[in-house]
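Down below is the structure, laid out as C-alpha coordinates.
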Amino acid sequence: MMPRPGQVAAIPADTVVCRCEDVTRAEIEGAVQAGARTLDQVKAFTRCGMGPCQGRMCGETAGDIVALQVGSRAAAGWWTGRPPLRPIPLADLVGTFDYGDIPVPKPAPL
(Lines give C-alpha, C1' and ligand atoms only; values in the text may rest on other atoms or scores of the structure.)
Protein backbone atom coordinates (compact mmCIF):
# COMPACT_ATOMS: atom_id res chain seq x y z
CA MET A 1 0.00 0.00 0.00
CA MET A 2 1.49 3.31 -1.07
CA PRO A 3 1.33 6.24 1.35
CA ARG A 4 -0.44 9.40 0.26
CA PRO A 5 1.69 12.32 -0.97
CA GLY A 6 3.14 14.23 1.98
CA GLN A 7 2.28 11.49 4.46
CA VAL A 8 5.86 10.23 4.79
CA ALA A 9 7.21 13.76 5.29
CA ALA A 10 4.89 14.12 8.31
CA ILE A 11 6.27 11.06 10.15
CA PRO A 12 7.89 12.21 13.42
CA ALA A 13 11.59 11.43 13.90
CA ASP A 14 11.00 9.08 16.86
CA THR A 15 8.48 6.90 14.97
CA VAL A 16 9.53 3.27 14.55
CA VAL A 17 9.53 2.52 10.82
CA CYS A 18 10.95 -1.03 10.97
CA ARG A 19 9.15 -2.85 13.75
CA CYS A 20 11.17 -6.04 13.39
CA GLU A 21 14.51 -4.31 14.02
CA ASP A 22 13.16 -1.28 15.96
CA VAL A 23 14.59 1.30 13.53
CA THR A 24 13.22 4.85 13.71
CA ARG A 25 12.90 7.48 11.04
CA ALA A 26 15.72 9.44 12.71
CA GLU A 27 18.03 6.42 12.40
CA ILE A 28 17.22 6.07 8.69
CA GLU A 29 17.88 9.77 8.10
CA GLY A 30 21.06 9.51 10.19
CA ALA A 31 22.29 6.71 7.94
CA VAL A 32 21.72 8.89 4.87
CA GLN A 33 23.57 11.76 6.53
CA ALA A 34 26.40 9.33 7.34
CA GLY A 35 26.80 8.47 3.66
CA ALA A 36 24.17 5.88 2.70
CA ARG A 37 22.70 6.83 -0.67
CA THR A 38 20.52 3.81 -1.53
CA LEU A 39 18.01 1.72 0.35
CA ASP A 40 20.43 -1.24 0.35
CA GLN A 41 23.07 0.94 2.01
CA VAL A 42 20.57 2.14 4.62
CA LYS A 43 19.77 -1.51 5.29
CA ALA A 44 23.47 -2.21 5.90
CA PHE A 45 23.83 0.83 8.18
CA THR A 46 20.67 0.29 10.28
CA ARG A 47 19.40 -3.32 9.81
CA CYS A 48 16.10 -1.81 8.62
CA GLY A 49 14.41 -4.56 6.56
CA MET A 50 16.50 -7.41 7.98
CA GLY A 51 13.90 -8.76 10.40
CA PRO A 52 11.47 -11.65 9.97
CA CYS A 53 9.28 -9.71 7.50
CA GLN A 54 12.34 -9.02 5.28
CA GLY A 55 11.19 -5.46 4.64
CA ARG A 56 7.68 -6.24 3.45
CA MET A 57 6.20 -4.02 6.18
CA CYS A 58 8.71 -1.15 6.19
CA GLY A 59 10.24 -1.19 2.70
CA GLU A 60 8.05 1.39 1.00
CA THR A 61 8.13 3.81 3.92
CA ALA A 62 11.89 3.47 4.38
CA GLY A 63 12.37 3.95 0.63
CA ASP A 64 10.26 7.09 0.65
CA ILE A 65 12.21 8.48 3.63
CA VAL A 66 15.49 7.87 1.80
CA ALA A 67 14.00 9.40 -1.36
CA LEU A 68 13.18 12.61 0.52
CA GLN A 69 16.87 12.86 1.41
CA VAL A 70 18.49 11.83 -1.90
CA GLY A 71 16.07 13.49 -4.31
CA SER A 72 13.91 10.77 -5.85
CA ARG A 73 12.54 7.28 -5.30
CA ALA A 74 14.50 6.03 -8.30
CA ALA A 75 17.74 7.32 -6.76
CA ALA A 76 16.89 5.65 -3.44
CA GLY A 77 16.32 2.33 -5.21
CA TRP A 78 14.74 -0.81 -3.83
CA TRP A 79 16.06 -3.59 -1.66
CA THR A 80 17.79 -6.37 -3.52
CA GLY A 81 15.66 -9.50 -3.27
CA ARG A 82 17.42 -12.44 -1.70
CA PRO A 83 16.15 -15.99 -1.38
CA PRO A 84 14.01 -17.09 0.22
CA LEU A 85 11.80 -14.23 -0.88
CA ARG A 86 9.21 -15.35 1.64
CA PRO A 87 9.93 -17.31 4.82
CA ILE A 88 9.05 -20.96 4.37
CA PRO A 89 9.32 -23.96 6.68
CA LEU A 90 12.63 -25.81 6.45
CA ALA A 91 10.71 -29.05 5.85
CA ASP A 92 9.45 -27.60 2.55
CA LEU A 93 13.05 -27.12 1.39
CA VAL A 94 14.33 -30.46 2.60
CA GLY A 95 11.40 -32.62 1.55
CA THR A 96 11.04 -36.21 2.64
CA PHE A 97 14.02 -38.49 2.61
CA ASP A 98 15.66 -41.12 4.71
CA TYR A 99 19.31 -40.95 5.67
CA GLY A 100 19.71 -44.35 4.01
CA ASP A 101 18.94 -42.61 0.69
CA ILE A 102 22.06 -40.44 0.93
CA PRO A 103 24.90 -41.99 -1.08
CA VAL A 104 28.08 -42.39 0.95
CA PRO A 105 31.23 -42.17 -1.18
CA LYS A 106 33.89 -44.82 -0.88
CA PRO A 107 36.93 -43.84 1.20
CA ALA A 108 39.81 -42.38 -0.76
CA PRO A 109 42.69 -44.79 -1.35
CA LEU A 110 45.79 -44.20 0.71
Side-chain angles (χ1 to χ4, degrees):
M1 181 175 191
M2 298 294 292
R4 292 186 304 243
Q7 191 173 12
V8 172
I11 296 173
D14 62 342
T15 301
V16 174
V17 174
C18 177
R19 294 179 287 175
C20 298
E21 294 294 327
D22 201 33
V23 179
T24 64
R25 177 190 176 138
E27 291 173 303
I28 293 170
E29 290 175 338
V32 174
Q33 292 170 359
R37 291 290 171 252
T38 66
L39 197 52
D40 276 336
Q41 290 174 339
V42 168
K43 183 178 188 177
F45 279 43
T46 65
R47 293 194 51 84
C48 182
M50 290 179 138
C53 84
Q54 293 293 292
R56 283 188 293 280
M57 297 295 146
C58 61
E60 286 301 318
T61 304
D64 288 344
I65 291 170
V66 174
L68 289 173
Q69 302 294 313
V70 298
S72 71
R73 187 64 171 97
W78 288 263
W79 280 323
T80 303
R82 291 181 174 85
L85 299 179
R86 294 204 179 267
I88 61 173
L90 186 58
D92 289 352
L93 288 174
V94 175
T96 58
F97 71 93
D98 187 85
Y99 282 101
D101 297 336
I102 299 174
V104 178
K106 293 180 183 179
L110 295 176

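- Once rounded to the nearest 0.5 Å, the distance linking CD of Glu27 with CD1 of Ile65 reads 11.0 Å.
- Under the side chain to side chain contact (heavy atoms under 4.5 Å, CB included) criterion, Ala26 pairs with Ala13, Thr24, sequence neighbours left out.
- Between Cys58 and Trp79, the shortest heavy-atom distance links the atoms SG-CH2, 3.8 Å.
- Residues passing the side chain to side chain contact (heavy atoms under 4.5 Å, CB included) test with Leu68 are Val8, Ala9, Arg25, sequence neighbours excluded.
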Side-chain polar contacts of residues 99-108 - donor-acceptor pairs under 3.5 angstrom, sequence neighbours left out - could you list them?
residue	atom	partner	partner atom	Å
Asp101	OD2	Asp98	N	3.2

With a cut-off of 3.5 Å and sequence neighbours excluded, list every side-chain donor-acceptor pair involving residues 46-53.
residue	atom	partner	partner atom	Å
Thr46	OG1	Val42	O	2.8
Thr46	OG1	Cys48	N	3.1
Arg47	NE	Glu21	OE1	3.1
Arg47	NH2	Glu21	OE2	3.4

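- Each of Thr61, Val23, Asp22 was checked for a side chain to side chain contact (heavy atoms under 4.5 Å, CB included) with Val17, and the lone residue meeting it is Thr61.
- Going from atom CD of Glu29 over to atom CD1 of Ile11 covers 9.5 Å, rounded to the nearest 0.5 Å.
- Connection of Val70 to Leu39 is established within a shared hydrophobic cluster, with ILVMFWY side chains joined at heavy-atom distances below 4.5 Å, either directly or through further cluster members.
- Taking the side-chain hydrogen bond (donor to acceptor under 3.5 Å, both in side chains) definition, one finds that Asp40 meets it with Thr80, sequence neighbours left out.
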- Full working for side chain to side chain contact (heavy atoms under 4.5 Å, CB included) between Val66 and Thr38: CA-CA 7 Å; Val66 174; Thr38 66; over 6 Å; no
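- Evaluation of the side-chain hydrogen bond (donor to acceptor under 3.5 Å, both in side chains) rule for Arg73 yields Asp64 as partners, not counting sequence neighbours.
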